[in-house]
Student: 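Shown below is the structure under consideration.
Counting convention: from 1, in listed order, for ligands and their atoms alike. Just the heavy atoms: all of them, side chains too, but no hydrogens, waters or symmetry mates, feed the values below.
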Amino acid sequence: MHTRVHQYSSREQVRVPNVIALVGLPARGKTYISHKLCRYLNWIGIKTRAFNVGDYRRQACDFEKEGLADFFDHSNERAVRIRDECARHAMEDMGRYLDNKEGEVAVFDATNTTRQRRQMLVDFCKSDERDPKFRIFFIESVCDDMDIIESNITEVKISSPDYKGKMSEDQAKQDFLMRIE
Ligand SMILES: Nc1ncnc2c1ncn2[C@@H]1O[C@H](COP(=O)(O)OP(=O)(O)OP(=O)(O)O)[C@@H](O)[C@H]1O
Ligand SMILES: O=P(O)(O)OC[C@H]1O[C@](O)(CO)[C@@H](O)[C@@H]1O
């Protein structure tokens, strides 16, 4: 008996544009995963770029006024609006990048923790005007080990552009911990 194994080449996998949307609370390794994905996919010849919503937020907001932990509080309506606008800008850049065939895969790096945000991403990728529509899938990074989360904050977060040179490492750590409360 013969078993027929159909193997798709990496080229066939990306004949339609692909969006990989990361999901996860802060300091769960999303940006780390997005860098690994970009590096690997580019290495095998699939043009890939990451769109980090945090970068758009840093451009749009004055950290001294907006960057503190309560900006990430879901009951802060003004901040939620700004965060959604930043995500929308990142999405539009991502759309142009894929529509213009500058690349084949886009990694959308944000927390994407609400259903409403994930629906906004799906609607964007599947919009009627889009031909071909983007294939989208979500990768969630789940980690509730407080030791790992704390070490991620100490290793990476306190020296992020949100904090570097703006406050002490201890203050930065306290602020970040409040962000994820
Ligand atoms: N699967 C994983 N779970 C938890 N931590 C991870 C994982 N993969 C990598 N890390 C660690 O995450 C840290 C990097 O955090 P990273 O900036 O990627 O988090 P993030 O989720 O993007 O945070 P933010 O939402 O604040 O942007 C590194 O210390 C790395 O070792
Ligand atoms: O709007 P969302 O989905 O929370 O994601 C964007 C935010 O996620 C982060 O990367 C994580 O805290 C912020 O830097 C950024 O503002």
Side-chain angles (χ1 to χ4, degrees), residues 19-42 48-95 97 105-125 134 136-167 169-181:
V19 171
I20 303 174
L22 295 170
V23 178
L25 294 170
R28 267 50 175 200
K30 298 181 300 296
T31 300
Y32 176 95
I33 294 165
S34 87
H35 288 173
K36 292 259 171 195
L37 280 169
C38 282
R39 203 162 64 168
Y40 175 71
L41 291 171
N42 281 309
T48 304
R49 188 170 134 195
F51 293 81
N52 180 312
V53 177
D55 292 340
Y56 288 77
R57 190 237 327 143
R58 276 182 281 274
Q59 278 197 358
C61 298
D62 176 359
F63 173 82
E64 309 297 332
K65 277 201 280 182
E66 318 271 12
L68 299 167
D70 62 332
F71 182 74
F72 295 95
D73 180 345
H74 278 284
S75 61
N76 183 342
E77 285 176 20
R78 178 173 178 276
V80 168
R81 235 183 358 262
I82 296 174
R83 286 166 64 185
D84 279 344
E85 271 170 37
C86 293
R88 171 61 64 186
H89 282 137
M91 245 179 257
E92 281 163 2
D93 283 349
M94 176 176 83
Y97 166 81
V105 176
V107 183
F108 191 81
D109 180 9
T111 65
N112 296 320
T113 38
T114 63
R115 284 204 178 135
Q116 178 253 341
R117 167 65 67 74
R118 293 193 291 275
Q119 190 60 52
M120 176 173 153
L121 270 163
V122 172
D123 293 345
F124 181 80
C125 292
F134 303 160
I136 175 162
F137 53 97
F138 293 91
I139 298 181
E140 182 172 10
S141 176
V142 182
C143 173
D144 50 16
D145 181 327
M146 208 49 213
D147 290 340
I148 294 177
I149 295 166
E150 285 218 19
S151 94
N152 289 353
I153 295 172
T154 313
E155 267 176 38
V156 180
K157 294 296 153 192
I158 57 175
S159 51
S160 93
D162 279 352
Y163 299 121
K164 191 132 183 111
K166 292 173 178 149
M167 59 177 79
E169 291 190 347
D170 267 355
Q171 287 169 320
K173 186 168 179 185
Q174 289 319 312
D175 183 77
F176 201 92
L177 283 168
M178 277 195 288
R179 209 192 265 196
I180 60 176
E181 245 173 26

Student: Strictly distance-based, threshold 3.5 Å: is any side-chain N or O of Lys30 a donor or acceptor partner for the main-chain N or O of Phe108?
Tutor: no
Student: Got the closest protein heavy atom to atom 30 (C) of ligand 1, with its distance?
Tutor: Tyr32 CD1, 3.8 Å
Student: For side chain to side chain donor-acceptor pair (under 3.5 Å), just list the numbers for Asp123 and Gln119, CA-CA rounded to whole Å, side-chain angles, deciding distance to a tenth of an Å, and then say yes or no.
Tutor: CA-CA 6 Å; Asp123 293 345; Gln119 190 60 52; 2.9 Å; yes
Student: Tell me whether Gly29 has any N or O atom under 3.5 angstrom from an N or O of ligand 1.
Tutor: yes
Student: Does Asn112 reach the main-chain N or O of Leu22 with its side chain, forming a donor-acceptor pair under 3.5 Å?
Tutor: yes
Student: Is Ala27 near ligand 1, meaning one of its heavy atoms is under 4.0 Å from it?
Tutor: yes
Student: Under the 3.5 angstrom rule, does the side chain of Tyr97 hit a backbone N or O of Arg49 as a donor-acceptor pair?
Tutor: yes
Student: Please write down residue, atom name and distance for the protein heavy atom closest to atom 1 (N) of ligand 1.
Tutor: Ser141 OG, 3.8 Å
Student: Is any side-chain heavy atom of Tyr56 closer than 4.5 Å to a side-chain heavy atom of Asp93?
Tutor: yes
Student: May I ask you to check whether Asp109 has an N/O atom sitting below 3.5 Å from an N/O atom of ligand 1?
Tutor: no
Student: Could you list each nitrogen or oxygen of ligand 2 that sits under 3.5 Å from a protein nitrogen or oxygen, with the atom names and the distance?
Tutor:
from     : atom 1 : to     : atom 2 : distance (Å)
ligand 2 : 1 (O)  : Arg117 : NH1    : 3.4
ligand 2 : 1 (O)  : Arg117 : NH2    : 3.0
ligand 2 : 3 (O)  : Thr111 : N      : 3.1
ligand 2 : 3 (O)  : Thr111 : OG1    : 2.9
ligand 2 : 3 (O)  : Asn112 : N      : 2.9
ligand 2 : 3 (O)  : Arg117 : NH1    : 2.7
ligand 2 : 4 (O)  : Arg83  : NH2    : 2.7
ligand 2 : 4 (O)  : Thr111 : OG1    : 2.5
ligand 2 : 5 (O)  : Thr111 : N      : 3.1
ligand 2 : 12 (O) : Arg179 : NH1    : 3.3
ligand 2 : 14 (O) : Arg57  : NH2    : 2.6
ligand 2 : 16 (O) : Arg57  : NE     : 2.8

Student: State which residues pass side chain to side chain contact (heavy atoms under 4.5 Å, CB included) with Asn152; sequence neighbours excluded, sorted by chain then number.
Tutor: Ala27, Ile148
Student: Give a yes or no on whether Phe138 atom CZ has more than 12 heavy-atom contacts from other residues, nucleotides or ligands under 6.0 Å away.
Tutor: yes
Student: Suppose we measure from atom 26 (O) of ligand 1 to each protein heavy atom; which comes out shortest, and what is that distance?
Tutor: Lys157 NZ, 3.1 Å
Student: Is the contact between Phe176 and ligand 1 made by the side chain, the backbone, both, or neither, using heavy atoms and a 4.0 Å cut-off?
Tutor: side chain
Student: Considering only protein heavy atoms, which is closest to atom 21 (O) of ligand 1, and at what distance to one decimal place?
Tutor: Lys30 NZ, 2.8 Å
Student: What is the closest protein heavy atom to atom 3 (N) of ligand 1, and at what distance does it sit?
Tutor: Arg28 O, 3.4 Å
Student: Any donor and acceptor pair, going by atom type alone, linking the side chain of Lys166 with main-chain N or O of Pro161 inside 3.5 Å?
Tutor: yes
Student: Ligand 1 and Arg179, any nitrogen or oxygen pair closer than 3.5 angstrom?
Tutor: no
Student: Provide the number and element of each atom of ligand 1 under 4.0 Å from a heavy atom of Thr31.
Tutor: 17 (O), 18 (O), 20 (P), 22 (O), 27 (O)
Student: May I ask you to identify the nearest protein heavy atom to atom 14 (C) of ligand 1, giving residue, atom name and distance to one decimal place in Å?
Tutor: Val156 CG2, 3.9 Å
Student: Got a sec: does the CD of Glu92 have more than 12 other heavy atoms crowding it under 6.0 Å?
Tutor: yes
Student: Is a donor on one side and an acceptor on the other found under 3.5 Å between the side chain of Ser141 and the backbone of Arg28?
Tutor: yes
Student: Any atoms of ligand 1 less than 4.0 Å from a non-hydrogen atom of Glu155? List them with their elements.
Tutor: 29 (O)
Student: Would you indicate whether Asp144, at its atom CG, is surrounded by more than 12 heavy atoms from other residues, nucleotides or ligands within a distance under 6.0 Å?
Tutor: no
Student: Taking distance alone, with N or O pairs closer than 3.5 Å, would you say Ile33 contacts ligand 1?
Tutor: no
Student: State whether the side chain of Arg118 and the backbone N or O of Thr113 hold a donor-acceptor pair below 3.5 Å, judged by distance alone.
Tutor: yes
Student: Which protein heavy atom lies closest to atom 5 (N) of ligand 1, and at what distance to 0.1 Å?
Tutor: Asn152 ND2, 3.0 Å
Student: Could you tell me if the side chain of Tyr32 sits less than 4.5 Å from the side chain of Lys36, heavy atoms only?
Tutor: yes
